There are 2 protein chains.
Amino acid sequence: MTPVVVKFGGSSLADAEHFLKVRDIVLADPARRYVVPSAPGRRFKNDDKVTDLLYACYEAAEDEDKLLSVFGRVRERYEQIIAGLGLELDLTEQYDRILGAISHHAGRDYAASRGEYLNGIILARLLGYDFIDAGTVIHFAENGSFDAELTNAILSETLKRHERAVIPGFYGTMPNGTIKTFSRGGSDITGSIVARAANASLYENWTDVTGFLMTDPRIVDDPRGIDVVTYKELRELSYMGASVLHEDAIFPVRVAGIPINIRNTNEPDSEGTMIVSSAEPTMTITGIAGKKGFSVINIEKDQMNSEIGFGRRVLEVIENLGISFEHLPSGVDTMSVILNSHDIDPYRQRLLDGIARVVSPDSLTIEDGLALIAVVGRGMVRTHGTAARIFKALAGADVNIRMIDQGSSEYNIIICVEEPDFEKAVRAIYEEFV
Amino acid sequence: MTPVVVKFGGSSLADAEHFLKVRDIVLADPARRYVVPSAPGRRFKNDDKVTDLLYACYEAAEDEDKLLSVFGRVRERYEQIIAGLGLELDLTEQYDRILGAISHHAGRDYAASRGEYLNGIILARLLGYDFIDAGTVIHFAENGSFDAELTNAILSETLKRHERAVIPGFYGTMPNGTIKTFSRGGSDITGSIVARAANASLYENWTDVTGFLMTDPRIVDDPRGIDVVTYKELRELSYMGASVLHEDAIFPVRVAGIPINIRNTNEPDSEGTMIVSSAEPTMTITGIAGKKGFSVINIEKDQMNSEIGFGRRVLEVIENLGISFEHLPSGVDTMSVILNSHDIDPYRQRLLDGIARVVSPDSLTIEDGLALIAVVGRGMVRTHGTAARIFKALAGADVNIRMIDQGSSEYNIIICVEEPDFEKAVRAIYEEFV
């Protein structure tokens with residue numbers, strides 16, 4: 001049976017009650033053969049995440065009393081889970097070995113990784129699945145980057161010997177045998193890597209939210225969820241500030257053409273968000289994301305268009321300062337460069353001087369306080385009225401549009417507005433389409 | 001009295017009847033002190049323009065019979081005008097000198113320029129104004145370019161000695177004493193130069209149309225005229241295909257801050273179009289212009305935005321082939337370059353190879369058959385609903401928008417559509433605003 005790989009986030013494994021929900025979910029579908037757990041997350045507001053306690057253990061490595069005290073809280077979390085699940089499982093030897101390692105230079109990443117490691121052992125026992133230590137199958141290269149090819153070779157061979165297994169997320173092994181973790185949220189990456197190696201039909205990423213939302217709930221009350229989103233749409237939304245999966249967590253399954261399903265452990269009947277390579281166009285938009293903190297360099301010069309190399313010379317000045325530009329809208333005698341304000345802050349005068357030198361503009365100004373909004377939707381180009389609806393909504397909300405950029409991308413329109421108009425612009429677009 | 005400089009086009013001076021209209025216009029305002037005439041234009045469809053007859057004389061310079069025959073028709077045009085005006089004016093000596101010069105290597109430009117020269121003599125007599133031969137006041141440099149500073153110095157001194165004068169358009173003198181003409185339509189340039197040298201309060205350009213039209217009458221039936229347009233708006237419309245004044249005809253008065261009034265000799269009560277440096281924003285658009293024949297290079301690459309220098313490297317390839325780009329809209333992982341299809345035709349493969357080499361894109365295509373439409377209006381940024389109305393109109397007309405570019409220019413939105421949609425898109429936008 002083609003496996004489904006399931007990853008559970010920290011809040012889905014915070015206590016015994018959640019472990020039972022996870023067990024029910026995994027066992028409900030026999031295809032769910034490989035399970036990637038995070039460490040126990042918060043059970044309530046202001047609770048500790050186990051990973052944070054483990055970082056605190058590492059900080060306390062030189063102070064035995066403090067180490068024992070903090071590690072005691074870690075131990076207590078796991079013992080509560082084991083007791084709550086009624087498992088016959090004694091982790092004393094594990095705890096001792098971890099404590100010993102932390103006090104003997106196993107390192108900060110090692111300490112942090114034990115949250116997933118221990119959770120994996122418990123979950124494997126609960127499910128009756130094999131336990132595969134991620135340290136034996138996930139490998140990093142000398143330079144600290146993830147070694148995708150080595151990992152895929154070892155992991156796919158290993159999985160062939162385990163019909164059903166739990167592989168803890170977040171960590172792997174360096175060539176020198178030490179443990180290294182992915183960046184926080186790295187269990188998403190492990191899940192994606194396992195899905196690729198298992199040649200899974202689906203990668204389910206179970207969290208405490210019901211999929212992705214069409215826009216930021218801090219701006220729009222209770223926004224609608226997204227049913228289906230393509231990788232490309234997701235990338236546009238993510239780049240423009242939507243908090244979704246980390247790029248690195250998407251890459252392995254994207255390459256392998258495996259869809260991702262974002263689901264809610266607490267609402268297993270809800271279908272969540274499906275992330276796919278391609279999907280039928282829809283008649284509406286997929287999502288709205290945006291960020292503040294942009295600046296625009298406005299360049300005016302009579303007959304600019306007849307100067308071959310004008311744009312290249314401007315971009316070269318920016319590049320030489322190590323800055324990326326976001327957009328380069330142009331009129332007949334005008335060119336604007338939209339950049340991240342933070343990026344240009346140290347170089348404002350050098351940018352102006354450099355551009356003035358290479359293109360001798362008639363007028364050259366920098367203006368701050370702009371926000372970019374991406375309206376993303378794979379049906380946008382085919383649905384002729386989308387741009388009209390967006391601009392009607394913005395006009396109705398009295399939003400001043402400073403720039404529009406719709407390029408070859410079939411799935412987005414990027415609009416630049418002034419920062420004070422940002423939230424009302426997002427709300428106006430959302431309300432037009434929902 | 002601060003002078004007004006008036007220029008009359010060829011159709012305004014095609015016959016005696018039109019000369020009388022011109023006389024009435026000039027004498028109706030005593031400020032109209034300097035008059036720049038073109039050569040007689042067509043009186044009816046398929047009639048000859050005198051300038052074309054003079055080019056034919058030049059071509060026939062080696063064939064005396066043919067030269068005399070063609071020049072006879074030129075002579076007849078002027079004699080009809082003189083007779084129709086009832087003037088006592090004998091141009092025999094002029095005709096003979098011109099014929100002699102044409103057969104003695106005075107050159108092609110000399111031949112062509114005699115149309116304005118003779119018309120100037122007749123008009124000066126009709127008005128009772130002094131005649132100033134443009135050859136004595138309009139000067140070109142050795143390299144053939146117009147010598148603005150020398151001309152302005154000589155011309156402004158000359159005008160001080162003539163309270164009222166006719167200065168023929170279209171030609172001037174090279175440093176070696178030969179006659180050189182501006183490009184066709186060059187009387188507009190002479191008028192502008194005279195207006196600058198006279199420090200005129202206004203440059204009136206009298207033609208056979210009532211000012212500029214909001215859009216192309218071949219696309220929209222009987223489009224409304226433009227009352228007031230700024231130089232910048234005019235430049236955008238002109239760049240995007242509207243047929244308005246030549247750039248060179250605008251530059252001298254633009255620099256001097258002198259407004260231009262485009263008027264109709266046959267409808268002197270109509271106020272025509274006023275071209276000004278700046279004007280109050282209006283609540284509607286000023287004009288719509290557009291052109292077919294564009295291509296787009298679509299570049300896709302995952303994580304493109306994190307590659308500093310991506311855009312610069314693409315533009316460098318284009319620049320190295322000597323090509324200007326029109327627009328560079330970009331998404332998160334996409335960049336498009338819009339170019340004139342004609343410009344890229346000889347270099348398609350080299351463009352693709354060059355871009356592929358410098359940025360290693362995931363996908364790279366060229367698509368032809370696109371049209372650009374510029375909607376121009378100085379009130380557009382302040383009038384929040386303009387973009388909405390444009391896109392609503394296009395959606396209603398079922399037009400597929402391929403790109404939108406609204407940059408720092410406060411006075412235009414540029415839209416890219418597929419060529420088959422071009423005319424209906426222009427009509428839809430026009431009808432939305434008029």
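All of these numbers come straight from a predicted model, not from anything done at the bench. Every chain is numbered from 1 and lettered A, B, ... according to where its sequence line falls, protein lines coming before strand lines.
Using a 4.5 Å cut-off between heavy atoms, A:Q303 touches chain B through backbone and side chain atoms alike. In this structure, the portions of B:E326 lying under 4.5 Å from any heavy atom of chain A include both its backbone and its side chain. Heavy atoms closer than 4.5 Å to chain B are found nowhere in A:I415, neither backbone nor side chain.
Taking B:R235, B:K232, B:R389 one by one and counting their heavy-atom pairs under 4.5 Å with chain A, the maximum is reached by B:R235. Most heavy-atom pairs under 4.5 Å with chain A, from the set B:I414, B:I413, B:I323, B:I390: that is B:I323.
Comment: A:R312 engages B:E319 in a salt bridge, judged by a side-chain N to carboxylate O separation of less than 4.0 angstrom.
Although no hydrogens or angles enter the test, the distance criterion places no donor-acceptor pair under 3.5 Å between the side chain of A:S277 and the main chain of A:G257. A:R313 places no side-chain N or O within donor-acceptor distance of the main-chain N or O of A:V359, the cut-off being under 3.5 Å.
With rounding to the nearest 0.5 angstrom, the NZ atom of A:K292 is 7.0 Å from the CZ atom of A:F422.
A:E233 and A:T286 share a donor-acceptor pair across their side chains, judged by distance under 3.5 Å alone.
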